Amino acid sequence: ALQVVAAFEKPCAAVIKHMNPCGVACAKTLTQAFRSAFACDPPSAFGGIVGLNRPVDGPAAKAIASAGFLECLIAPGFSADALETLKVKKNLRILEMPPFRPGSFRRCLEIKQIDGGLLVQSPDELKTSPSRWRTATRVKPTPSQRRDLLFAWKVAKFVRSNAIVIAKGGKTVGIGAG
């Protein structure tokens, strides 16, 4: 969850279920980002993990608390009123991460246990630059469509298999894996 939100500069929220994002959004406020991320797929968000790239304030905490059952919330800080709001949520694990800069998470070697050993691999570190993109169709994307394409590209990196990400306006509309 933190790796997803750390990929973005704006206030960002990611809802993770079964190790896949089921909603990601960036917005002017953390509250808006969370609401948009959750709205991408509310049934899948049930019991999910929420990652945020900004400290949680009172309004964001109220939005999170009203969203239903969430398993875990991780962010780089919580205001006192946010903690008061969130601590009434039964079984919500609240994890505070030290503050971080967007893009600062360096993924080390990934280690997976397999029958009879370990699989060690380098993470996907593909850097994308929209200035190097080529348009393969006659219709060229608008600047806002290019921003959405870049957003979707960043989210797709964290979808576990055969990713399909549909995004518009800095938020996911649909995420498919498998």
Side-chain angles (χ1 to χ4, degrees), residues 1-46 48-57 59-61 63-64 67 70-77 95 97 99-108 110 122-178:
L2 283 178
Q3 289 174 351
V4 175
V5 297
F8 298 98
E9 297 283 334
K10 288 182 177 180
C12 186
V15 182
I16 309 297
K17 186 71 176 272
H18 303 300
M19 296 183 60
N20 273 302
C22 60
V24 180
C26 295
K28 290 181 182 178
T29 70
L30 201 57
T31 303
Q32 291 171 327
F34 171 75
R35 285 184 175 144
S36 293
F38 189 85
C40 180
D41 189 355
S44 291
F46 181 83
I49 296 169
V50 175
L52 305 161
N53 69 352
R54 298 286 193 283
V56 179
D57 59 12
I64 293 163
L70 296 169
E71 187 81 32
C72 183
L73 175 63
I74 184 165
L95 304 173
M97 187 72 186
F100 57 87
R101 291 181 335 276
S104 64
F105 276 94
R106 297 304 269 173
R107 293 171 61 192
C108 300
E110 294 177 347
S122 299
D124 178 6
E125 293 293 340
L126 180 64
K127 305 279 187 216
T128 180
S129 173
S131 65
R132 297 181 62 204
W133 291 355
R134 290 181 305 120
T135 302
T137 63
R138 287 181 214 161
V139 178
K140 302 232 184 271
T142 66
S144 68
Q145 289 170 329
R146 290 177 69 84
R147 284 190 297 275
D148 287 334
L149 286 167
L150 180 59
F151 178 86
W153 184 286
K154 287 181 178 183
V155 172
K157 176 179 177 178
F158 298 99
V159 180
R160 297 286 168 215
S161 175
N162 300 326
I164 298 172
V165 177
I166 302 170
K168 185 171 182 163
K171 59 187 173 186
T172 53
V173 178
I175 301 173

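These numbers were taken from a predicted model, which means no experiment stands behind them.
Counting all heavy atoms, side chain and backbone alike, C40 lies closest to G174 at SG-N, 3.8 Å. Of all the heavy atoms in K10 and N53, the pair that sits closest is O-ND2, 2.9 Å. L30 approaches P11 most closely through the heavy-atom pair N-CB, 3.9 Å. For the residue pair L95 and C72, the shortest heavy atom distance occurs at CD1-SG, 3.6 Å. Minimum interatomic distance between V56 and I64 (heavy atoms only, all atoms of both residues): CG1-CD1, 4.5 Å.
One finds the NZ atom of K140 at 4.5 Å from the OG1 atom of T135 (value rounded to the nearest 0.5 Å). Distance check, rounded to the nearest 0.5 Å: CG of L73 to CZ of F34 gives 8.0 Å.
Take D148 and apply the side chain to side chain contact (heavy atoms under 4.5 Å, CB included) test, not counting sequence neighbours, and it matches K168. Remark: S122 engages L109 in a side chain to side chain contact (heavy atoms under 4.5 Å, CB included) (not counting sequence neighbours).
Taking 4.5 Å as the limit, every side-chain heavy atom of D41 sits out of range of all side-chain heavy atoms of I175. F151 is listed as a side-chain neighbour of T172, based on a closest heavy-atom distance under 4.5 Å. The shortest side-chain heavy-atom distance between D57 and T31 falls under the 4.5 Å cut-off.
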Show me the donor-acceptor pairs, under 3.5 Å and distance only, between side chains in residues 13-29 and residues at least two apart or in other chains.
residue: K17; atom: NZ; partner: F46; partner atom: O; Å: 2.3
residue: N20; atom: OD1; partner: R160; partner atom: N; Å: 2.6
residue: T29; atom: OG1; partner: Q32; partner atom: N; Å: 3.0
residue: T29; atom: OG1; partner: Q32; partner atom: OE1; Å: 3.4

Requested in this report: Could you check L52 against V5 for side-chain contact (heavy atoms from CB on, under 4.5 Å), going step by step and ending with a plain yes or no?
Outcome: CA-CA 6 Å; L52 305 161; V5 297; 5.7 Å; no
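No donor-acceptor pair closer than 3.5 Å links the side chain of K171 to the backbone N or O of S36.
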